[in-house]
Number of protein chains: 2
Amino acid sequence: MEYIDKLRNSGLRPTKQRLQICEVLFNTEKTFHFTINELKKRIKEKTHNKISLATVYNTVHAFEKKGYLKQIPINSNQTYFDTNITDHHHFYDLNDQKLIDLENSDVGPINIKKKIDGKRIKSVEVLVKLED
Amino acid sequence: MEYIDKLRNSGLRPTKQRLQICEVLFNTEKTFHFTINELKKRIKEKTHNKISLATVYNTVHAFEKKGYLKQIPINSNQTYFDTNITDHHHFYDLNDQKLIDLENSDVGPINIKKKIDGKRIKSVEVLVKLED
DNA sequence: CACTTATTTAGAACCATTATAAACTACAGT
DNA sequence: ACTGTAGTTTATAATGGTTCTAAATAAGTG
Ligand SMILES: [Mn+2]
Ligand SMILES: [Mn+2]
Ligand SMILES: [Zn+2]
Ligand SMILES: [Zn+2]
């Protein structure tokens, strides 16, 4: 019910597939980071239901456009998404290839002194690479 | 001569191809950001000599491993490299898809308060996204 | 129910990157 | 200078994540 409204209010039809993806993405205690393939696996595990790869891509991109998901800038052959859409930062563990959230309070204020004419700042993201 | 020593000291044989790539990458006033395909184009323009795509990839990865190039973490279908290997940060212009350097002094000190057991910080990189 | 439009889907296409393996080259040892 | 070996280059194929296509299905509207 909750997700039906969320989708309707976003101009997205509340299909069976989208509702199942909402359950996996948003019906959790903690936020998390994922790739498309990891999400596809989670969907199958949690819902015992196969959603086509194209639909997973379509839905994730639709949710990203609506602001329900964020992409994480990182060097990887796969795109990483985040269900934590608050302003925050990341550790990236180079050995385990795992992302860990860094709250704004863990980083302190960042004051960008340089200005570019005619452009405004949309986001400021910090990536802290870790190794053993 | 300069580059021959640089390569020899790194355990890389100073081949014709590697020396030409060194000229394009390092014999410039300013540092710059590039993708593999942009670099391949620059090589052909500057040296009037075709180097195979595989060699461009091989060489860029060899130079990255030796610390002569850095990869820039960014969400793009292509990998971006940087000839500026100092610690620094980036603006990313979402409209023009262009990278602009942000010196450390433009950002101020970043104090990461959170610690992860058994891991140490290898790098701290800030990405500031810009829009019109 | 009838109709329109959105969505899902399997599969193909795309394209950056990596792997392969044969030809070539640098270079150390003789 | 010749030889042998390991390193390098190269064209080309393979890989794999992502996007595209177009036909089938489902949702919303009256
Ligand atoms: Mn996207
Ligand atoms: Mn690399
Ligand atoms: Zn996060
Ligand atoms: Zn830079």
Side-chain angles (χ1 to χ4, degrees), chain A residues 1 3-25 33-44 47 49-66 68-81 97 99, chain B residues 1 3-25 33-44 47 49-66 68-69 71-81 97:
Chain A
M1 210 81 304
Y3 297 127
I4 292 181
D5 295 342
K6 180 173 182 164
L7 290 168
R8 281 235 178 79
N9 293 337
S10 312
L12 299 170
R13 290 185 180 175
T15 62
K16 178 162 61 79
Q17 291 86 346
R18 282 177 179 159
L19 289 168
Q20 288 179 340
I21 293 174
C22 280
E23 290 290 334
V24 175
L25 289 178
H33 309 117
F34 64 92
T35 63
I36 294 286
N37 278 301
E38 287 167 2
L39 176 58
K40 193 159 186 294
K41 226 175 279 173
R42 282 198 195 217
I43 293 165
K44 197 151 62 179
T47 70
N49 206 300
K50 185 186 154 290
I51 296 180
S52 80
L53 181 60
T55 296
V56 179
Y57 272 100
N58 289 342
T59 304
V60 165
H61 285 142
F63 287 3
E64 186 197 5
K65 187 173 275 182
K66 295 297 177 184
Y68 304 144
L69 290 173
K70 282 202 321 185
Q71 255 187 261
I72 302 172
I74 198 179
N75 281 126
S76 169
N77 54 327
Q78 293 181 80
T79 304
Y80 277 82
F81 294 91
Q97 293 187 254
L99 283 161
Chain B
M1 211 82 298
Y3 297 128
I4 292 181
D5 294 343
K6 179 173 183 164
L7 290 169
R8 281 234 178 78
N9 293 337
S10 312
L12 300 170
R13 290 188 180 172
T15 63
K16 180 163 59 82
Q17 291 87 343
R18 282 176 179 160
L19 289 169
Q20 287 179 341
I21 293 175
C22 279
E23 291 290 334
V24 174
L25 289 178
H33 310 118
F34 64 92
T35 63
I36 294 288
N37 277 300
E38 288 167 2
L39 177 57
K40 194 159 184 294
K41 227 175 279 176
R42 282 198 194 216
I43 293 166
K44 198 152 61 179
T47 71
N49 207 297
K50 184 185 155 292
I51 296 180
S52 81
L53 181 61
T55 296
V56 179
Y57 271 100
N58 289 342
T59 304
V60 165
H61 285 142
F63 286 3
E64 185 197 4
K65 188 172 274 179
K66 295 297 177 185
Y68 303 144
L69 291 173
Q71 257 187 259
I72 302 172
I74 198 179
N75 280 127
S76 170
N77 54 327
Q78 293 181 80
T79 305
Y80 277 81
F81 294 91
Q97 293 187 255

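Residue numbers start from 1 in every chain, and the chains themselves are labelled A, B, ... in the order their sequence lines are given, proteins ahead of strands.
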Notebook entry, point to check: Checking K6(A) against Y68(A): charged group under 6.0 Å from the ring centre and within 45 degrees of the axis?
Noted result: yes
Next item on the list: Using atom CG of L7(B) as one end and atom C1' of dC27(C) as the other, report the distance to the nearest whole Å.
Entry: 15 Å
Margin query: Closer than 3.5 angstrom, by distance alone: can the side chain of N75(B) be matched with the main-chain N or O of I72(A) as a donor-acceptor pair?
Written below: yes
Check: Once you round it to whole Å, what is the distance between C1' of dA26(D) and CZ of R8(A)?
Finding: 13 Å
Notebook entry, point to check: I74(B) CD1 to dA16(C) C1': how many Å, rounded?
Noted result: 16 Å
Check: For nucleotides 6-18 of chain D, read 5' to 3', which letter fits each nucleotide if B means a protein heavy atom sits under 4.0 Å from the base, S means only the sugar-phosphate is that close, and - means neither?
Finding: BSSBBB-----SB
Margin query: Whole angstroms only, please: what is the NZ-C1' distance between K40(A) and dT19(D)?
Written below: 16 Å
Checklist line | Rounded distance (Å) that lies between atom C1' of dG28(D) and atom CG of N9(A) | finding: 16 Å
Next item on the list: Return yes if some donor-acceptor pair links the side-chain N/O of K66(B) with the main-chain N/O of S10(B) below 3.5 Å, else return no.
Entry: yes
Item checked: Pairing residues for T35(A) by the side-chain contact (heavy atoms from CB on, under 4.5 Å) criterion, not counting sequence neighbours -> N37(A), E38(A), Q78(A), Y80(A)
Next item on the list: May I ask you to check whether over 12 heavy atoms, not counting those of Q97(A), lie within 6.0 Å of atom CD?
Entry: no
Check: Within this structure, what is the CG-to-C1' distance between L19(A) and dT8(C), rounded to whole angstrom?
Finding: 14 Å
Check: Can you check whether R13(A)'s main-chain N or O pairs, donor with acceptor, with R18(A)'s side chain at less than 3.5 Å?
Finding: yes
